[in-house]
Amino acid sequence: MRNDPASIKAFLSERKKQSLYRSLRVSQSAQQPVMFIDGKECLNFCSNDYLGLANHPEIITSFKTAADVYGVGSGASHLINGHSKEHQKLEDAIAEFTGRDNALLFSNGYMANMGVINALLNRGDLLFQDRLNHASLIDAGLLSKAKMQRYQHNDMNHLLKLYAKISEEDKSRNSMLVTDGVFSMDGDEAAIRELSNLSKKHQAWLMVDDAHGFGVLGETGAGLLQQENLSQDDIPILMATLGKACGTSGAFVAGSHDLIEYLKQTARTFIYTTALPSSIAAATLTSLKIIQNDTWRREHLRALISRFKSGAEQLEIQLMPSNTAIQPIVVGSTAKAVELSNALEDQNILVTAIRPPTVPDGSSRLRVTFSANHTFDHVDMLLSALNKVC
Ligand SMILES: *Cc1c(COP(=O)(O)O)cnc(C)c1O
């Protein structure tokens, strides 16, 4: 972008013309199904608070109690003196919950992905990513200067073909496979068992970003890897965020003792940043307990999802092959997606339009998400609003 007022104005007005302009909504309430946003009440179907924990009283109490002891800011990076007993307890609890040796906290998922991929790959190494992986994984790959190739979504044959084409000279290179566990804009699950077999065959690292599976999938909510019964040997690098189903903030990477020690030495987004507030760690510890104890949250969420799916089928609204809390309605044209989202908003229902470059051109969509705090009535209200606008 040139440093002149006309260029930036032209860019902005072009964005508006293409229905690609993004603007902020201002909320005046906590993250919950019924919110007060931009001065009016609306029913929210776009958050990632899948278990309804972002505003949970016990988690809030833990947050406040820890703030009384530790204050607000952690004041330094983990390796200086910002790493408190709450951080340590949380890392230990995550390792136990996920069945990994150890875990390492990061300030957010974007930084965790940047940190891990760049710690493990050097210029010229080989990186294979699903075409629909989250932007933070793609950006991490670009920053690493590895030779990055993106395989067709969940297409193991395409990935095998890319492997077969590796030059003789590159065959001895360090390589890595990276996938979202649950795809953030589509809601479907990665073929992680196949990926695991492939990574073992080629001695490649395998990393799963389970931002949308952690808390939600698996018998006790440990995520997609628990659901698929895959161990640390099968999936050596597990990353997940704490700002979605956990309802707090931050992210972790879990794996073998040595991998985590290696990341402490080398992951720059871990080393050169201030530790999360201890009160966030304390709140997350409570959140993990609730995730494991409140089986009803996952059950209710599943019931909401099936009610929505069968309701949509009756209304002949085309959904994607997703069984998770992410239920996109692909409409194709960006203008149409924005128009539908606005029409829903007129009925006080909030479903955001997801547009390029977040999703590929021609696949703009309404991304409907559910939370365990929704009721069946909420789902029915959404269905009847969709019936009116679609
Ligand atoms: C949200 C998300 C991230 C980023 O996590 P933050 O903690 O919000 O920075 C990374 N990967 C995936 C798949 C995500 O959905």
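We count ligands from 1, going down the list as the structure has it; atoms in each ligand are counted the same way.
In the model, Thr65 has no side-chain atom that pairs as donor or acceptor with a side-chain atom of Asp68 under 3.5 Å. Under 3.5 Å, the side chains of Arg302 and Thr324 contain no donor-acceptor pair of N or O atoms.
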- Item | Verdict with supporting geometry, Asp101 and Gln232, side-chain hydrogen bond (donor to acceptor under 3.5 Å, both in side chains) | CA-CA 8 Å; Asp101 296 349; Gln232 177 174 296; 3.3 Å; yes
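A search for side chain to side chain contact (heavy atoms under 4.5 Å, CB included) contacts involving Lys200 returns Ser196, Asp234, not counting sequence neighbours. Considering only residues two or more places apart in sequence or on other chains, Tyr70 meets the side chain to side chain donor-acceptor pair (under 3.5 Å) condition with none of them.
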Between the protein and ligand 1, which nitrogen or oxygen pairs come in under 3.5 Å, and how far apart is each?
unit_1	atom_1	unit_2	atom_2	d
ligand 1	5 (O)	Gly109	N	3.4
ligand 1	7 (O)	Gly109	N	2.7
ligand 1	9 (O)	Gly109	N	3.1
ligand 1	9 (O)	Tyr110	N	3.1
ligand 1	11 (N)	His134	ND1	3.4
ligand 1	11 (N)	Asp209	OD2	2.6
ligand 1	15 (O)	His212	NE2	2.5
ligand 1	15 (O)	Lys244	NZ	2.6

Would you list the atom pairs, donor with acceptor, under 3.5 Å between side chains in residues 157-167 and any protein atom, with sequence neighbours excluded?
unit_1	atom_1	unit_2	atom_2	d
His158	ND1	Gln152	N	2.8
Tyr163	OH	Ser175	OG	3.1
Ser167	OG	Asp170	N	3.2

